[in-house]
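Worksheet: the structure to be examined is printed underneath.
Computed from heavy atoms alone, side chains included, the values below leave out hydrogens, waters and symmetry copies.
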Amino acid sequence: QVQLVESGGGLVQPGGSLRLSCAASGSILSIYTMGWYRQAPGKRRELVAEITRGGITNYADFVKGRFTISRDNAKYMVYLQMNSLKPDDTATYYCGGDIKDSGAVLRNYWGQGTQVTVSS
């Protein structure tokens, strides 16, 4: 059983910063590309940033220069540093990615999400 748990969300003023964390746990053999996604009320879930196992990153245009994704392969952790936050960044942020479990089965997993609210 593999689980992803996000943390670090909250209420922040415009221009502020937050750091989201995603912890993977369970019977894990390998973790491949991981990403942060977000979904605002009434909108579709969208990719925010993703990172390969080797550290190659990809960002949505709307966060370039403001957000940074990183990972610690040894600790099964993925992070999203969010700076210069805007009200439009308000959403539920999800961690998701491809993980091979101890039975060598590769599946796509998602966390439950963490709420980020940017408001004065």
Side-chain angles (χ1 to χ4, degrees):
Q1 194 82 354
V2 174
Q3 289 185 326
L4 296 177
V5 178
E6 302 96 335
S7 62
L11 173 64
V12 63
Q13 291 186 342
S17 298
L18 282 175
R19 188 191 193 211
L20 305 184
S21 298
C22 173
S25 63
S27 301
I28 297 170
L29 186 60
S30 300
I31 299 179
Y32 297 92
T33 296
M34 294 294 293
W36 285 96
Y37 300 76
R38 71 185 188 186
Q39 187 168 19
K43 294 187 177 181
R44 298 175 61 180
R45 188 173 298 189
E46 58 185 358
L47 174 69
V48 175
E50 60 186 353
I51 183 168
T52 68
R53 190 175 181 183
I56 297 172
T57 58
N58 177 48
Y59 294 92
D61 286 343
F62 54 78
V63 302
K64 282 183 180 177
R66 300 189 298 127
F67 292 8
T68 302
I69 188 171
S70 60
R71 64 191 286 167
D72 185 331
N73 290 333
K75 296 182 179 179
Y76 294 160
M77 296 291 296
V78 182
Y79 307 97
L80 185 68
Q81 177 67 44
M82 305 187 294
N83 299 327
S84 302
L85 282 161
K86 307 174 183 179
D88 284 350
D89 295 318
T90 296
T92 300
Y93 283 71
Y94 298 90
C95 171
D98 297 325
I99 299 174
K100 185 177 288 186
D101 62 24
S102 58
V105 177
L106 181 67
R107 291 192 180 98
N108 186 249
Y109 290 89
W110 290 93
Q112 293 299 307
T114 185
Q115 177 66 36
V116 171
T117 302
V118 185
S119 175
S120 55

Atom pair [atom1]/[atom2] of [X] and [Y] - distance to nearest 0.5 Å:
{"X": "Ile56", "Y": "Ile69", "atom1": "CD1", "atom2": "CD1", "result": "13.0 Å"}
{"X": "Ile51", "Y": "Asn58", "atom1": "CD1", "atom2": "CG", "result": "11.0 Å"}
{"X": "Leu4", "Y": "Met34", "atom1": "CG", "atom2": "CE", "result": "4.5 Å"}
{"X": "Ser27", "Y": "Gln3", "atom1": "OG", "atom2": "CD", "result": "10.5 Å"}

Can you give me the closest heavy-atom contact between [X] and [Y], atom names plus distance?
{"X": "Phe62", "Y": "Leu47", "value": "CZ-O, 3.6 Å"}
{"X": "Arg66", "Y": "Leu85", "value": "NH1-CA, 3.9 Å"}
{"X": "Ala24", "Y": "Ile31", "value": "CB-CD1, 3.8 Å"}
{"X": "Ala49", "Y": "Leu80", "value": "CB-CD1, 4.3 Å"}
{"X": "Thr33", "Y": "Glu50", "value": "CG2-OE1, 4.1 Å"}
{"X": "Arg107", "Y": "Asp101", "value": "NH1-OD2, 3.1 Å"}

Tyr37 and Trp110 aromatic centres sub-6.0 Å: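 Here the rings of Trp110 and Tyr37 have centres that are less than 6.0 Å from each other.
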Could I get the full list of side chain to side chain donor-acceptor pair (under 3.5 Å) partners for Asn83, not counting sequence neighbours?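 Expected list: Ser17, Gln81.
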Do the side chains of Asp89 and Lys86 get close enough for a salt bridge, i.e. N-O under 4.0 angstrom?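 Not counted as a salt bridge, because no side-chain N and carboxylate O are separated by less than 4.0 Å.
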Same cluster (ILVMFWY, side-chain, under 4.5 Å), Tyr76 and Tyr94: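 Hydrophobic grouping puts Tyr76 apart from Tyr94.
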Test of understanding: clusters of I, L, V, M, F, W, Y form through side-chain heavy atoms closer than 4.5 Å, transitively. Do Met77 and Met82 belong to the same one?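 Cluster IDs for Met77 and Met82 differ.
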Of the options Phe67, Trp36, Tyr79, which is the one that meets Leu20 in a side-chain contact (heavy atoms from CB on, under 4.5 Å)?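 The passing option is Trp36.
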For the backbone of [Y] and the side chain of [X], can you confirm whether one donor and one acceptor N or O come within less than 3.5 Å of each other?
{"X": "Arg71", "Y": "Thr52", "answer": "yes"}
{"X": "Gln112", "Y": "Glu6", "answer": "no"}
{"X": "Tyr59", "Y": "Gly65", "answer": "no"}
{"X": "Asp98", "Y": "Leu106", "answer": "no"}

Please set out all donor-acceptor pairs under 3.5 angstrom arising from side-chain atoms of residues 113-120, sequence neighbours excluded.
| unit_1 | atom_1 | unit_2 | atom_2 | d |
| --- | --- | --- | --- | --- |
| Thr114 | OG1 | Gly9 | N | 3.2 |
| Gln115 | OE1 | Thr92 | OG1 | 2.9 |
| Gln115 | NE2 | Ala91 | O | 3.4 |
| Gln115 | NE2 | Thr117 | OG1 | 3.4 |

